[in-house]
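Below is one structure, written out as structure tokens; comments come after it.
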Amino acid sequence: MEELRFYNTFTRRKEPFKPIIADEVRMYTCGPTVHDFAHLGNYRAYIFEDILRRTLKFFGYSVIQVMNLTDVDDKTIRKSRERGVTLQEYTREYTESFFEDLDALRIERAEFYPEATKHIPEMVELIEKLIANGHTYETDGSIYFRISSFPAYGRLANVKLDDLRSGVRVDSDEYEKEDVRDFALWKSWTPDDGDVFWDTSIGKGRPGWHIECSAMSTKYLGEHFDIHSGGVDNIFPHHENEIAQSLCGYGGDFVNVWMHNAHLMVNSEKMSKSLNNFFKLKEVTSTGISPRAVRYFLLSAHYRQPLNLVYDPDNNITDSFDAASGALDRIDEFRTKLAELQKQGEDSGEAGDDILDIIDKARSSFKGALGNDLDISGALGALFGMIKDVNRLLDEAQVTAVDAVALDDLLMDWDRVLGVIRPEERGEIDVERIEALIEERKQARQAKDFARSDEIRDLLASEGIIIQDTPGGVRWRKK
RNA sequence: GGCGGCGUAGCCAAGUGGACUAAGGCGGAGGUCUGCAAAAUCUCUAUUCACCGGUUCGAAUCCGGUCGCCGCCUCCA
């Protein structure tokens, strides 16, 4: 097995990756709070996690991935009450939409999607442990974690307790705390919560923000597991607090490698709900931009690098997605040529030496790049470099049907990680009608009736069907 | 104020001490193909890596400083 190295936020270094159990990786990836539709910035994180998961499998590991669904928090409670529906009714729509988007973006399903509301007993059990271990205190029925009881607090985020700003927090939801830096494990019921509460051994109320991740990761992955990931904004306080809860509750080891993705930017500003500069996936795809291009764009930069989206639909600026579509067209065109070769030639025998050299070189540089902390740009460089090398040979008619099979196998192998090489499904296009029109155009061209020929081309173009005349015949594709 | 990150061609983005005379994509220029197009394809497109010093035989890559940008410290992927 080749070496795989990841940057670990905890040590701030790239380290060789070694799972706790040989050949099996257990990872916990922070998921959405289902209080609204997820936006592209959120999906950058899930695509990073998807690439991570696929890369682990590509390197031969089996993967057990957990992604939490936060379906109870201040926002979900407030908004469901505003809408006058139950919490479950409210969150269901966003959960369903989330999974639709995952499919559209070809994000592989995790093994578990635990919902916070279905794991209250596990959370209560952990809080009881924390109480027993002397890390908590109670005020008005709410239970808080006392940060001063955990000397290692702040190690992940590299913050010193004294440097944390004191007294800044003026959140009306916060109850009485000894120290503003302490955080809630359990929030006692208030009238604003309506019928959202659980009657438990630690009181009537609901869980704090951080406890679900500690409790659910332990349930599905054990107390000690390999990778925990999320956006950089979760380093502090969320992941810092998880570490405090898990170590103080369970003891022993918690997470080996912490991985965090940088943000998606819009014109050099973080994409976020509060800045109101966010785009939902369906908003973007409804304008004709393919989800595949969105996926390509979101995965095209290294995950720890901020990625800037150049997109302003109101002013018809779609640069980022245009670039992605252009790159995908190049791949599609290349595969079309390979397919044509395979139809024409003998498919027995061995691939040529030139091709085998190109494949070997590309294969090793692709895998080497991914192994180097998911250097996706290096991997895409290997992909397009290979296409360029082979195109040169194609131009000289030096590529055989057997070569084409080997090359397409390589692409399909890579697509296990990238998930962008397979083209979009053609959907509800009337293929028969289009091909009949193309045949009619062919006849017209043979009869030098170019007026009719161009008329057909324009008609199809108006339906988003692009016609291309090539030496090997007419090709068409959906724009 | 504390912590962290970034600044590479018109744009996006790799490379983090030596084969860099700096990947790859978009855009641009020219050629091929074409009835004309479009698409595709080929070739070209940074003597240089924000700026100034330093370390080194050698730096985009390490160190120090300057300028600019961004994120976290409060819900956030």
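Residue numbers begin at 1 in each chain, while the letters A, B, ... track the order of the sequences.
Atom C1' of B/rG28 sits at a distance of 8 Å from the matching atom of B/rG10, rounded to the whole Å. Comparing B/rU8 with B/rC69, their P atoms are spaced 14 Å from each other, to the whole Å. B/rC49 and B/rU61: their P atoms are spaced 9 Å apart (whole Å). Taking atom P in both B/rA77 and B/rA40, the straight-line distance is 38 Å, to the nearest Å. For B/rC12 and B/rG27, the C1' atoms lie 11 Å apart once the distance is rounded to whole Å. For the C1' atoms, the distance from B/rA13 to B/rC26 is 11 Å, rounded to whole Å. When the P atom is compared between B/rA23 and B/rC44, the two are found 11 Å apart, to the nearest whole Å. Atom name P, nucleotides B/rC6 and B/rA50: the rounded distance is 12 Å, in whole Å.
A/H260 NE2 to A/T9 OG1: the interatomic distance, rounded to the nearest 0.5 Å, is 5.0 Å.
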*Take A/E15 and A/R5, measure what salt bridge (charged side-chain N to carboxylate O under 4.0 Å, His left out) needs, and give me the verdict at the end.*
CA-CA 5 Å; A/E15 301 168 340; A/R5 290 186 303 146; over 6 Å; no
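A donor and an acceptor atom never sit less than 3.5 Å apart when one is taken from the side chain of A/S377 and the other from the base of B/rG15. For B/rG35, its base never sits under 3.5 Å from the side chain of A/D449 at any donor and acceptor pair. Between the base of B/rA37 and the side chain of A/D469 there is a donor-acceptor pair shorter than 3.5 Å.
Base pairing annotation: B/rG58 forms no Watson-Crick or G-U wobble pair, as no partner gives both donor-acceptor distances under 3.5 Å. Both distances falling under 3.5 Å, in either a Watson-Crick or a G-U wobble arrangement, occur for no nucleotide opposite B/rC33. Base pairing of B/rC20: no nucleotide in any strand meets the Watson-Crick or G-U wobble criterion (both distances under 3.5 Å). For B/rG64, the paired base is B/rC52 (Watson-Crick or G-U wobble, both distances below 3.5 Å). Nucleotide B/rA46: unpaired (no Watson-Crick or G-U wobble partner with both distances less than 3.5 Å). When both distances must be under 3.5 Å, the Watson-Crick or G-U wobble mate of B/rC3 is B/rG71.
In this entry the distance linking CG of A/D395 with C1' of B/rG31 reads 11 Å, nearest Å. Between A/I467 atom CD1 and B/rC36 atom C1' there is a gap of 15 Å when expressed in whole angstrom units. Rounded to whole Å, atom C1' of B/rC26 lies 10 Å from atom OH of A/Y296. The distance from atom CZ of A/F236 to atom C1' of B/rG5 is 18 Å, rounded to the nearest whole Å. The nearest whole Å value for the distance from the CG atom in A/D332 to the P atom in B/rG25 is 15 Å. If you take CD of A/E333 and C1' of B/rC26, they are 17 Å apart, rounded to a whole angstrom. Atom NZ in A/K270 sits about 18 Å away from atom P in B/rG5, given to the nearest Å. The separation between A/L393 atom CG and B/rU41 atom C1' is 13 Å, rounded to whole Å.
At a threshold of 4.0 Å, the pair A/R452-A/E455 counts as salt-bridged, since one of the basic side-chain nitrogens sits closer than that to a carboxylate oxygen. A salt bridge is defined here as a Lys NZ or Arg NE, NH1 or NH2 lying under 4.0 Å from an Asp or Glu carboxylate O, and A/E100 with A/K282 meets this definition. No salt bridge links A/K75 with A/D73; every basic N to acidic carboxylate O contact stays at or beyond 4.0 Å.
Centre separation under 5.5 Å together with a plane angle under 30° holds for the ring of A/F450 and the six-membered base ring of B/rG35, marking them as stacked.
Stacking of A/K273 on the aromatic ring of A/F278 is recorded, both the 6.0 Å distance cut-off and the 45° axial limit being met.
Donor-acceptor pairing under 3.5 Å is recorded for the side chains of A/N241 and A/Y153.
Mapping A/G326 and A/Y46 onto RNA chain B by nearest heavy atom places A/G326 closer to the 5' end of the strand. Mapping A/K337 and A/R44 onto RNA chain B via the closest heavy atom, the residue that lands nearer the 5' end is A/K337.
For A/R392, taking side-chain heavy atoms from C-beta onward, the closest of the listed nucleotides B/rG25, B/rU43, B/rC70 is B/rU43. The side chain of A/A327 lies closest to B/rG25, out of B/rC36, B/rA14, B/rG25. Of the listed nucleotides (B/rC36, B/rA77, B/rG24), B/rA77 has the atom at the smallest distance from the side chain of A/C30.
OP1 or OP2 of B/rG25 lies within a sub-4.0 Å distance of a side-chain N or O belonging to A/R330. Look at A/K273 and you won't find any side-chain N or O under 4.0 angstrom from OP1 or OP2 of B/rA77. The side chain of A/K388 places an N or O atom within less than 4.0 Å of a non-bridging phosphate oxygen (OP1 or OP2) of B/rG24. The phosphate of B/rG4 has OP1 or OP2 within less than 4.0 Å of a side-chain N or O from A/N158. Remark: A/N391 is in phosphate contact with B/rC42, judged by side-chain N or O atoms under 4.0 Å from OP1 or OP2.
Nucleic acid contact for A/D454: base, since at least one base atom lies under 4.0 Å from a heavy atom of the residue. Residue A/H238 is classed as having no contact, given no heavy-atom separation below 4.0 Å to the nucleic acid. Among the protein residues, A/S229 comes within range of no part of the nucleic acid, since none of its heavy atoms lies under 4.0 Å from any strand. Looking at heavy-atom distances under 4.0 Å, A/A157 makes contact with sugar-phosphate atoms alone, never a base. Backbone-only contact: A/Q305 has heavy atoms under 4.0 Å from sugar-phosphate atoms and none from a base. A/L264 comes within 4.0 angstrom of a nucleotide base, judged by non-hydrogen atoms across all strands. Residue A/M271 is in base contact, counting any heavy-atom pair closer than 4.0 Å across all strands shown.
Using a 30° and 60° split on the angle between ring planes, A/F145 and A/F150 fall in the perpendicular class, above 60°.
Using a 4.5 Å cut-off on side-chain heavy atoms (C-beta onward), A/Y28 and A/N68 make contact.
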